[in-house]
Amino acid sequence: MSQPNPTLWSLLRSRGFFQQCTGEEGEIEAAAKGPVTAYTGFDPTASSFHVGHLIPLMAMMHVQAAGHRPILLLGGGTAMIGDPTGKNEMRQMLSREQLEANTQGLRKQAERLLRFGPGQAEMVNNADWLMNWGYIDFLREIGPHFSVNRMLTFETFRTRMETGLSFIEFNYPLLQAFDFLELHKRFGCTVQMGGDDQWANILSGVDLVRRKTGGHVFGWTFPLLTTASGAKMGKTEKGAVWLDPERTSPYDYYQFWVNVDDADTAKCLGFFTQLPMEEVAQLSGLEGEQLRRAKQVLAFEATKIIHGEEEAKRAEAGARALFGGGGDLSQVPSAPVSRARLAEGYPVAEALAEHGMAKTNSEGRRLMEQGGVTVNDQKVTDPFAKLNVEDAQDGAFLLKVGKKKFHRLLVEP
RNA sequence: GGGGAGAUUCCCGAGCGGUCAAAGGGAUCAGACUGUAAAUCUGACGGCGACGCCUUCGAAGGUUCGAAUCCUUCUCUCCCCA
């Protein structure tokens with residue numbers, strides 16, 4: 001392990017990864033003289049991380065880069081309960097098989113971002129210690145340390161007083177607190193990090209560790225990632241933006257970042273790139289049209305971290321071809337079309353629907369009627385227009401919907 | 001255990017026998033303006049080669065020329081009392 005970097009906390013602060021932490025001013029810094037073990041948890045509710053998970057993941061990368069030890073906790077056990085935080089209603093319960101599959105998926109992705117191994121990052125699954133408890137035992141062991149009166153004051157639960165809260169969800173903070181205790185015992189973990197909505201859960205853990213072991217541990221939260229207009233970030237018309245290239249292609253991933261609001265650019269450069277802050281500050285200083293340069297850097301860097309430099313370059317080349325004019329079209333998302341299909345006249349509406357540019361044929365036709373569809377740079381407004389072999393350019397059709405959605409159909413030889 | 005309210009298209013939410021594919025808002029998409037930004041304005045927003053046809057208003061039956069609207073049963077949710 002490299003020499004621990006005592007400036008980890010100030011680095012995190014300067015990059016935006018700080019909302020609040022427990023302890024007195026400067027206390028956590030002081031406690032971090034030697035290598036610190038810090039953990040953050042993710043419940044495996046899907047088989048891939050998405051952009052919403054990126055802040056804690058990036059934070060863990062900084063922890064490791066600074067010479068400390070990050071622990072990534074996958075909540076195979078807690079996901080059996082379901083975190084009620086931020087939910088208006090109970091989450092659908094996932095089957096054990098599903099959770100196991102999801103855990104595998106997340107594990108694979110995490111391994112690309114952090115170095116795991118002896119003396120390096122740890123990856124744990126809380127199913128390993130949560131699943132074997134007997135109900136009575138757990139209640140006797142942990143229950144006495146939790147005040148229902150206090151739990152009811154948690155924002156999470158207060159909002160649920162209106163819509164209803166089941167007992168299973170009410171138990172969630174106990175389990176998360178127990179995780180911290182367990183990691184403290186096993187790995188000497190002294191810091192739990194998470195989104196600010198986790199504050200109450202994290203505090204529960206800090207308290208529990210103190211009560212059970214007398215240990216002094218810390219909680220640290222990140223700001224919740226919202227767009228300048230207040231909405232949760234990470235959603236597009238296609239749904240969540242995933243880190244799994246099968247779900248969100250590197251090209252789309254790159255596009256997501258190019259398309260962030262002007263107002264969010266600076267914030268995102270701090271969170272989602274590893275560029276030095278001087279460079280971030282300089283890029284953020286750009287104005288107007290120039291700011292797009294900053295977004296291109298953001299997109300490239302963010303894509304590089306997740307998909308690697310090669311993919312980032314490809315995504316960038318594709319974007320340049322489509323938006324910059326000319327260039328290399330080979331990186332644009334594409335699919336083959338058979339000659340037979342074209343011979344009988346391939347309705348544009350169907351082509352759009354079959355390649356994810358419209359949900360249905362009707363929507364495809366509507367888009368055409370509204371002037372939103374372009375084939376090889378020619379606007380097509382006839383809803384029943386067809387593609388024919390002889391209309392192909394360089395053996396392909398470039399379909400475009402709106403300003404940003406492109407797809408190339410390659411005529412089979 | 002007793003009493004009450006309710007389940008509507010992605011979300012919220014009108015409709016309460018025909019004029020309902022179902023008001024309004026949000027979200028979303030397209031067009032204009034732009035910088036692959038934001039804001040604003042306009043349009044679209046169940047499916048279908050479509051001024052018509054098909055499938056929708058928790059589920060299944062029934063009444064009726066005709067039902068999201070009435071009746072029956074069922075499932076689920078919420079509230080109040082105990």
Quiz item: Residues in side chain to side chain donor-acceptor pair (under 3.5 Å) with A:E309, at least two apart?
Solution: none
Quiz item: What integer distance in Å separates A:D264:CG from B:G35:P?
Solution: 21 Å
Self-check item: Pair A:D196, A:Q19: side-chain N/O donor-acceptor within cut-off below 3.5 Å
Solution: no
Quiz prompt | Side-chain N,O (A:K403) to OP1/OP2 (B:A37) below 4.0 Å | solution = no
Quiz item: Atom NZ of A:K405 to atom C1' of B:C29: distance rounded to whole Å?
Solution: 6 Å
Exercise. Write out all pairs satisfying side-chain hydrogen bond (donor to acceptor under 3.5 Å, both in side chains) with one or both partners inside residues 121-130 of chain A, taking only residues at least two apart or from two chains.
Key: A:T78-A:N126, A:N126-A:D179, A:W129-A:D179
Quiz item: Among pairs that include at least one residue of residues 129-154 of chain A, which meet salt bridge (charged side-chain N to carboxylate O under 4.0 Å, His left out), considering only residues two or more places apart or in two chains?
Solution: A:E141-A:K212, A:R150-A:D207
Quiz item: Quick one: A:N259 CG to B:A37 P, roughly how many Å, whole number?
Solution: 6 Å
Practice problem: Rounded to the nearest 0.5 Å, what's the gap from CG on A:L12 to CZ on A:F18? Could you check? | Solution: 10.0 Å
Practice problem: Could I get the full list of side chain to side chain donor-acceptor pair (under 3.5 Å) partners for A:T22, not counting sequence neighbours? | Solution: none
Quiz prompt | For A:E369, all residues meeting salt bridge (charged side-chain N to carboxylate O under 4.0 Å, His left out), sequence neighbours excluded | solution = none
Practice problem: Would you please name every residue forming a side chain to side chain contact (heavy atoms under 4.5 Å, CB included) with A:L139, sequence neighbours left out? | Solution: A:Y135
Self-check item: Nearest-Å distance for atom pair CG/P, residues A:D262 and B:G35
Solution: 12 Å
Quiz item: Starting at CZ of A:F323 and ending at P of B:U36, how long is that distance when rounded to a whole Å?
Solution: 8 Å
Self-check item: Value in whole Å for how far the P atom of B:G35 lies from CH2 of A:W257
Solution: 25 Å
Practice problem: Under the salt bridge (charged side-chain N to carboxylate O under 4.0 Å, His left out) rule, collect the residues that match up with A:R13, sequence neighbours excluded. | Solution: A:E29
Practice problem: Could you name each residue pair satisfying side-chain hydrogen bond (donor to acceptor under 3.5 Å, both in side chains) that touches residues 285-302 of chain A, not counting sequence neighbours? | Solution: A:D262-A:K295
Quiz item: B:C29 P sits how many Å from A:N361 CG, rounded?
Solution: 20 Å
Exercise. Tell me which residues in residues 283-291 of chain A put a heavy atom below 4.0 Å from RNA chain B, sorted by number, or none.
Key: A:G288, A:E289
Quiz item: For A:F384 and B:A50, what is the distance between atoms CZ and C1' respectively, to the nearest whole Å?
Solution: 7 Å
Each nucleotide N or O in nucleotides 43-46 of chain B that has a protein N or O under 3.5 Å away: list the pair and distance.
unit_1	atom_1	unit_2	atom_2	d
B:G43	N2	A:Q370	OE1	3.2
B:G43	N3	A:Q370	OE1	3.3
B:A44	O4'	A:Q370	OE1	3.2

Practice problem: Specify the residues of residues 297-304 of chain A, ordered by number, for which at least one heavy atom lies under 4.0 angstrom from an atom of RNA chain B. | Solution: none
Quiz prompt | Partners passing side chain to side chain donor-acceptor pair (under 3.5 Å) against A:Q104 (at least two apart in sequence or in another chain) | solution = A:E100
